[in-house]
Amino acid sequence: MDQGSTYKQIYEIVKQIPSGKVATYGQIARIAGFPGHARLVGYAMHSLPNNSGIPWHRVINAKGQISFPKDSVENALQRSMLEAEGVVFNLNNSVSLKRFQWRI
DNA sequence: CTCGTGACGGTAT
DNA sequence: TATACCGCCACGA
């Protein structure tokens, strides 16, 4: 099912994440057909243009936290976007995956 | 063509 | 149960 590039597969999965939910890199990689290749997802996100329309902010790491440094503007932006969708963060800056993690 | 790096995950201790 | 280390593929220069 690889119509073109590997990244496109990943993007297709990310676009399926519903608002108010989040998914982990590993989960996306597994669904896209690359189990254990979470890093590729991260690199794919890094390669995303700002106007791609991909909900990249709904992608977080397995620890339930944003992978960007807490002092990074990208981190604050992602967190702000998630909160706008109803996602709640714990005191340790982690998302309650039990409540918000996307399920297939 | 070759080398290094990256928005991470899993397993072992 | 928590923390540390290593490895994986693809892309860009």
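Remember, predicted model here, so these are calculated numbers, not experimental data.
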Drop me the distance from A:L77's CG to A:L82's CG, to the nearest 0.5 angstrom.
->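 Going from CG on A:L77 over to CG on A:L82, the span is 9.5 Å.
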Just how far, in rounded Å, is [atom2] of [N] from [atom1] of [X]?
X	N	atom1	atom2	result
A:N92	C:dT3	CG	P	11 Å
A:H46	B:dG4	NE2	C1'	14 Å
A:K63	B:dG10	NZ	P	12 Å
A:N61	B:dG6	CG	C1'	14 Å

Pairs where residues 23-39 of chain A contributes a residue and the test side chain to side chain donor-acceptor pair (under 3.5 Å) is met, not counting sequence neighbours | none
What residue pairs, at least two apart or across chains, pass salt bridge (Lys or Arg N to Asp or Glu O under 4.0 Å) with a residue in residues 77-91 of chain A?
->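 Salt bridge (Lys or Arg N to Asp or Glu O under 4.0 Å) check on residues 77-91 of chain A returns A:R58-A:E85, A:R79-A:E83.
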Please collect all salt bridge (Lys or Arg N to Asp or Glu O under 4.0 Å) contacts where either partner lies in residues 41-50 of chain A, sequence neighbours excluded, each pair once.
->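 Pairs touching residues 41-50 of chain A that pass the test: none.
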Donor-acceptor pairs under 3.5 Å, side chain of residues 60-71 of chain A to any protein atom, not counting sequence neighbours: which ones?
from, atom 1, to, atom 2, distance (Å)
A:N61, OD1, A:K63, N, 3.2
A:N61, OD1, A:G64, N, 3.2
A:N61, OD1, A:Q65, N, 2.8
A:N61, ND2, A:Q65, O, 3.2
A:Q65, NE2, A:N92, O, 3.2

Determine, for nucleotides 8-13 of chain C in 5'-to-3' order, which nucleotides have protein heavy atoms under 4.0 Å from the base (write B), from only the sugar-phosphate (write S), or from neither (write -).
-> BBSB--
Taking only residues two or more places apart in sequence or in another chain, which ones pass salt bridge (charged side-chain N to carboxylate O under 4.0 Å, His left out) with A:K15?
->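 With neighbours one apart ignored, the set is A:E12.
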